[in-house]
Amino acid sequence: MRVIVDSLETALAVPNSSEKSNTSGLATIAAIATPLGRGGVGVIRLSGSRAYDMACALTGKSAFTPRMASFCRFYQADGTVIDEGLVLFFKGPHSFTGEDVIELQGHGGVILQNQLLARVFELGAKQASAGEFSYRAFDNDKLDLVQAEAIADAIDATSAAAASSAIRSLSGEFSQKINQLLEQLIHLRLHVEAAIDFPDEEDVDFLSDGVIQSKLEQTQDKIQQVLATAKQGQLLRDGIHVVLAGRPNAGKSSLLNRLAGQERAIVTDVAGTTRDTLQETVVLNGLTLHLTDTAGLRETEDTVERIGIERARTAITQADMLLMVYDVTRDVEEESTPLQLAEQLFGELPEAKRLLIIANKSDLLSDNNNREESAAKTQAEIKNRGYQQVNVSCETGIGIDDLAEALCEKVGFHPPENSLIARTRHLDALRRTAGFLAEAHEQLTVFEAGELVADSLRQAQQSLGEITGEFSADDLLGKIFGSFCIGK
Ligand SMILES: Nc1nc2c(ncn2[C@@H]2O[C@H](COP(=O)(O)OP(=O)(O)OP(=O)(O)O)[C@@H](O)[C@H]2O)c(=O)[nH]1
Ligand SMILES: [Mg+2]
């Protein structure tokens with residue numbers, strides 16, 4: 001069996017569809033790596049085979065020691081000084097990109113940095129495009145795709161939890177999980193291929209003896225675990241789009257302000273105060289919410305308000321989560337319920353997982369026992385139908401913590417301590433992998449069709465390999481690296 005497995009190992013070695021190019025023949029690239037503006041230090045980064053010579057020409061020095069900072073002056077071609085600062089030299093392959101890398105640390109002024117960059121271009125460097133440094137690192141096997149994406153995610157993180165998860169992914173924790181799964185899958189494929197190719201060998205596991213089935217089921221369990229981690233990671237990274245909608249004067253803008261912790265939107269007692277949609281990003285219990293406040297929904301002759309309401313309707317259709325805010329003292333009349341109000345406002349009752357009902361102005365209830373009683377009844381009815389209502393007061397802040405909790409619960413956000421950042425792309429690939437494994441399971445247990453099991457497993461391996469970039473179409477790489485910032 002060992003001999004068979006060894007010979008198959010070579011046969012099953014994953015071909016790399018995006019054959020990595022060797023970057024040694026590429027142009028030397030340069031870009032400003034720090035945000036352009038006023039700052040103590042600004043860094044220009046160069047990568048490529050001519051980076052070292054360019055640093056020598058720029059500074060008049062004849063040599064730099066790798067990983068040692070050298071204080072230098074940076075000169076124009078005519079000998080005038082542009083700036084002074086440090087030169088750091090990282091000799092390839094021991095550098096971020098795997099090529100020779102030079103970092104010029106000058107002063108962080110817009111003019112100085114641009115002059116320095118222009119001089120580097122004059123010496124022959126080419127402007128780096130977005131993500132080109134990371135792409136070269138990927139191409140030279142310094143990083144896999146998950147790690148390269150984690151760099152961009154760490155830079156773009158909107159919460160502390162998202163940033164630390166991205167750094168964990170960058171260190172390779174997520175890639176390791178995927179690679180373990182890949183190994184498990186390759187092992188499984190070996191057994192299946194062996195069972196197909198050598199059916200008469202005495203010591204070969206046959207398709208029907210239960211060993212393959214149990215290995216397959218273990219792999220399926222593992223995929224589900226990784227998928228659960230990745231789902232949390234994707235929520236951490238992307239957050240959710242939440243739209244505040246309801247009748248005029250319900251307190252939508254007051255809620256936005258309460259959640260944002262500042263007077264972001266105009267609040268007045270005039271119905272129809274908010275006209276245009278207004279966006280604000282807040283982090284609540286670690287979950288990033290991209291909030292949109294909208295114009296109150298009602299029939300109106302006012303042209304401006306009508307356009308605002310159209311925009312509100314567009315936002316409503318695009319929302320991951322709708323917070324229907326209503327005024328407990330007014331919006332729901334006798335004999336009607338918040339769910340009926342939702343139906344009226346949105347044309348149909350949104351799915352329970354997309355709707356959270358916010359009963360606002362609950363501070364006005366406490367002095368009226370009848371109203372309190374009917375509010376409790378309403379609450380029970382909503383729950384019976386699988387929906388959820390949170391009572392809040394944007395005036396006093398009562399219930400806002402419950403709202404945060406209910407939202408996290410609704411989207412299933414409960415990241416583990418050591419969460420890992422993930423993208424929709426990763427979730428898609430994991431789901432496809434799980435789908436192919438389910439297919440393989442059916443072929444094995446229902447049809448005992450070895451060839452088809454093998455084919456489904458091959459496809460499962462291929463989709464899983466897309467995550468770290470083992471399999472990746474060039475257009476996908478272009479899309480991923482193109483979204484990075486210049487200088488990364
Ligand atoms: N007592 C009380 N008043 C509130 C509460 N929330 C909002 N209000 C008041 O209700 C009025 C309307 O609030 P807004 O936040 O402007 O309501 P809106 O839903 O954004 O209204 P439009 O922009 O017109 O659609 C203001 O006078 C607020 O001060 C609350 O919880 N309790
Ligand atoms: Mg408003």
Side-chain angles (χ1 to χ4, degrees), residues 241-282 284 289-319 321-333 336 338 340-342 344-347 350 355-372 374-376 378-379 388-407:
H241 289 270
V242 176
V243 168
L244 311 179
R247 289 249 180 269
N249 249 345
K252 302 175 294 297
S253 302
S254 304
L255 181 57
L256 180 98
N257 290 347
R258 193 36 95 175
L259 294 173
Q262 56 170 318
E263 296 302 304
R264 193 58 187 82
I266 300 171
V267 167
T268 73
D269 57 5
V270 179
T273 298
T274 304
R275 296 296 182 97
D276 212 344
T277 49
L278 188 141
Q279 271 88 23
E280 180 71 20
T281 295
V282 305
L284 227 56
L289 307 179
H290 305 286
L291 297 171
T292 304
D293 183 20
T294 59
L297 302 171
R298 65 171 171 187
E299 292 297 323
T300 175
E301 294 301 311
D302 185 303
T303 314
V304 180
E305 190 177 0
R306 222 178 26 234
I307 296 171
I309 291 173
E310 273 167 32
R311 289 188 179 186
R313 296 223 172 270
T314 307
I316 287 165
T317 56
Q318 292 167 350
M321 182 69 67
L322 285 171
L323 297 193
M324 184 189 79
V325 185
Y326 77 95
D327 176 342
V328 279
T329 66
R330 287 184 16 181
D331 290 343
V332 177
E333 308 290 334
S336 82
Q340 284 166 337
L341 174 65
Q344 276 170 26
L345 288 176
F346 305 126
L355 178 67
L356 188 59
I357 299 166
I358 310 295
N360 187 33
K361 308 196 187 180
S362 59
D363 55 294
L364 301 178
L365 283 180
S366 50
D367 54 358
N368 185 328
N369 282 338
N370 281 347
R371 273 207 179 122
E372 251 187 357
S374 85
T378 307
Q379 184 73 280
Q388 195 179 351
Q389 170 170 297
V390 185
N391 300 326
V392 305
S393 164
C394 295
E395 190 79 14
T396 65
I398 289 171
I400 298 295
D401 289 346
D402 298 339
L403 166 57
E405 224 167 86
L407 251 180

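Just so it is clear, the model here is predicted, and its values are computed rather than measured. Each ligand, and each atom within it, is numbered from 1 in the order the structure gives.
Taking distance alone, with nitrogen or oxygen atoms compared against 3.5 Å, Ser253 approaches ligand 1 more closely than that limit. Considering both main-chain and side-chain atoms, Ser362 never comes within under 3.5 Å of ligand 1 through any nitrogen or oxygen pair. Among the atoms of Thr294, none of the N or O lies under 3.5 angstrom from an N or O of ligand 1. Polar contact check, Val267 against ligand 1: no nitrogen or oxygen pair lies under 3.5 Å apart. Among the atoms of Ile266, none of the N or O lies under 3.5 angstrom from an N or O of ligand 1. The N/O atoms of Gly272, backbone and side chain alike, include one that comes under 3.5 Å of an N/O atom in ligand 1. At least one N/O-N/O distance between Gly251 and ligand 1 falls below 3.5 Å.
If you check the side chains of Asp293 and Ser253, you find a donor sitting under 3.5 Å from an acceptor. Judged purely by distance below 3.5 Å, without hydrogens or angles, the side chains of Gln344 and Arg247 pair a donor atom with an acceptor atom.
The protein atom (non-hydrogen) at minimum distance from atom 8 (N) of ligand 1 is Lys361 CE, 3.6 Å.
Using a 4.0 Å cut-off between a side-chain N of Lys or Arg and a carboxylate O of Asp or Glu, Arg275 and Asp302 qualify as a salt bridge.
Around atom 13 (O) of ligand 1, the closest heavy atom drawn from Gly397, Ser254, Ala295 belongs to Ser254.
Seen from the Mg ion (ligand 2), atom OG of Ser253 and atom OG1 of Thr274 lie 90° apart in angle, a value rounded to 10°.
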